[in-house]
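Okay, so here's the structure we're looking at.
Read the numbers this way: they start at 1 and go in the same order the structure lists the ligands and their atoms.
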Amino acid sequence: MEVIKLHIVDGVAWVTIERQAKLNALNETVLNELEHTFFDLKDNDAVRVIVVTGAGEKSFVAGADINQFPSMSPDDAYQFARRGQAVFSLIEASAKPVIAAVNGFALGGGCELALACHLRFASENAIFGQPEVKLGVIAGFGGTQRLPRLIGRGRALDLLLSGRMVKADEALQLGLVNGVFPQAELVSKVGDYAQLLMAQGPLAQAFTLQAVYGGIEGTLAAGLETEASAFRDVFKTEDHIEGANAFLERRSPDFKNR
Ligand code: COA
C-alpha cells in the first residue's frame, strides 16, 4: 500500500491515510487502497473494530483532490462521485463498528468520509465543513444525503449552502461528532472506546448496525419489522446464550463471534 497504513493492535485495525503533503486529500489511489483495505478487514477475524484517521497533526482528510477538477468532464464528475460513494458505502456497510478519529481538517470528502463511519470522535483542533460551494461544485461523496440524515436538514443546509467551517466544539453541538478530546489524547481515548466496543457481542453489534441502517430509510412499521427479524437472528447465535449465562453467573462474557 502506498497511501494507506494499516496497524492492527489488540483487535483494533487503525487505518491511516498518509498523504500529508496534500493534507491527506482523496485521489484515486487513496480511494482504491481504502476499498482494498476494507475488503480485507471484512474477513480478518483478528479485527473487531476499525478506526479511520489521517496522518499528521493537521488534517484528517482535506477533501477530494481538487487538482483533478478542472480537467473533468461532466461524465467524469458523475463517475468520480459514484466511485467515492461506492467506497464510502462499503465502509458504512461494515459489520464491524467503524470509528472516524478526526485529527484535523475534515473538509468536503473528508467530512463525507467521517459521515460514512458509524461513530466520529474529534480532536479539539478538528475543523469540519462542506466547502464545495466555494469551488462552485457540490458535495458528491454522500454529503448531501448523509449529513441531513445525521444532523437534520436545516443544520446540514447551513453547512452545505454556506460552505462555512465549524470547529470541533460546534461539531459536537451539531451532533456531527460523538465526542471531542485534546489532540494529544485522541488516539488513546479512541483506543479506549474501541476496547469498550470490543467487550460487547460482535454479532449483536453487526445485527444492530443492520437494523439501524436497514430501518432508517423506510417507515417506522417497516423498521420495526427489520428490528424484529434481526432480534430473531441474534437468537440463532451461541453468543446470546453466553451473554445471558455470563450475566446470571456474575462474570464477564466470553463472546466467540458465532
Ligand atoms: N485537494 C488537493 N490538494 C489539497 C487539498 C485538496 N482538497 N487540500 C489541500 N491541498 C494541498 C494544497 O494544495 C497544498 O499543496 P502544495 O503545498 O503542493 O501547494 C497542501 O495541500 C497544503 O495545503 P495549504 O492550502 O497550503 O494549507 P493551509 O494550511 O494554508 O490551508 C486548508 C489548509 C485545508 C484550509 C486548505 O488547504 C483548503 O482549503 N483545502 C481545500 C479544502 C476543500 O475545499 N475541500 C473540498 C474539496 S471538494
Side-chain angles (χ1 to χ4, degrees), residues 1-5 15-35 52-89 91-92 100-117 120-151 155-171 174 176-177 180 183-184 186:
M1 293 270 178
E2 200 183 308
V3 288
I4 299 288
K5 302 294 171 230
V15 177
T16 305
I17 299 170
E18 281 200 3
R19 206 180 161 229
Q20 275 192 69
K22 298 292 180 189
L23 303 184
N24 306 323
L26 302 166
N27 61 9
E28 199 52 44
T29 308
V30 179
L31 291 175
N32 288 343
E33 293 190 7
L34 265 180
E35 186 177 52
V52 182
T53 194
E57 299 193 338
K58 187 171 174 182
S59 184
F60 174 68
V61 168
D65 195 315
I66 299 168
N67 288 304
Q68 55 203 44
F69 283 12
S71 61
M72 267 188 198
S73 71
D75 283 344
D76 294 339
Y78 174 82
Q79 294 303 339
F80 184 62
R82 293 306 267 170
R83 174 83 188 118
Q85 289 172 359
V87 175
F88 289 6
S89 291
I91 293 173
E92 188 177 67
V102 180
N103 55 308
F105 290 113
L107 302 175
C111 189
E112 292 167 299
L113 172 60
L115 290 168
C117 296
R120 286 149 292 282
F121 293 102
S123 56
E124 284 170 349
N125 64 311
I127 294 185
F128 293 80
Q130 298 287 165
E132 289 88 349
V133 283
K134 295 184 183 185
L135 302 168
V137 299
I138 73 167
F141 286 1
T144 67
Q145 303 306 306
R146 290 198 177 93
L147 191 59
R149 281 168 171 76
L150 182 69
I151 67 173
R155 289 170 163 187
L157 282 171
D158 163 22
L159 300 186
L160 289 162
L161 293 178
S162 72
R164 76 182 181 90
M165 298 181 191
V166 299
K167 294 182 179 163
D169 54 350
E170 187 178 353
L174 289 170
L176 186 42
V177 295
V180 177
Q183 184 172 40
L186 181 68

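- Pairing each heavy atom of Ala122 with each of Ala168, the nearest pair is CB-CB, 4.4 Å.
- Rounded to the nearest 0.5 Å, atoms CD (Glu112) and CD (Gln130) are 4.5 Å apart.
- In this structure, Phe80 and Phe69 have perpendicular ring planes: the angle between them is above 60°, well past the 30° mark.
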Quick one: table the atom pairs, ligand 1 N or O against protein N or O, below 3.5 Å, distance rounded to 0.1 Å.
unit_1, atom_1, unit_2, atom_2, d
ligand 1, 1 (N), Ala64, O, 3.4
ligand 1, 1 (N), Ile66, N, 3.0
ligand 1, 7 (N), Ala62, O, 2.9
ligand 1, 7 (N), Ala64, O, 3.0
ligand 1, 15 (O), Lys22, NZ, 3.4
ligand 1, 18 (O), Lys22, NZ, 2.6
ligand 1, 21 (O), Ala21, O, 3.4
ligand 1, 29 (O), Lys58, NZ, 2.6
ligand 1, 45 (N), Ala62, O, 3.1

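- Under the side chain to side chain donor-acceptor pair (under 3.5 Å) criterion, Glu92 pairs with Arg146, sequence neighbours left out.
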Under 3.5 Å, which donor-acceptor pairs link side chains of residues 23-30 to any protein atom two or more places apart or in another chain?
unit_1, atom_1, unit_2, atom_2, d
Asn24, OD1, Arg19, N, 2.8
Asn24, OD1, Gln20, N, 3.3
Asn24, ND2, Ala55, O, 3.1
Asn24, ND2, Ser59, O, 3.0
Asn24, ND2, Phe60, O, 3.1
Asn27, OD1, Thr29, N, 3.2
Asn27, OD1, Val30, N, 3.0
Glu28, OE2, Arg83, NE, 3.1

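- Within the structure, no pair that satisfies the salt bridge (charged side-chain N to carboxylate O under 4.0 Å, His left out) test touches residues 73-82, not counting sequence neighbours.
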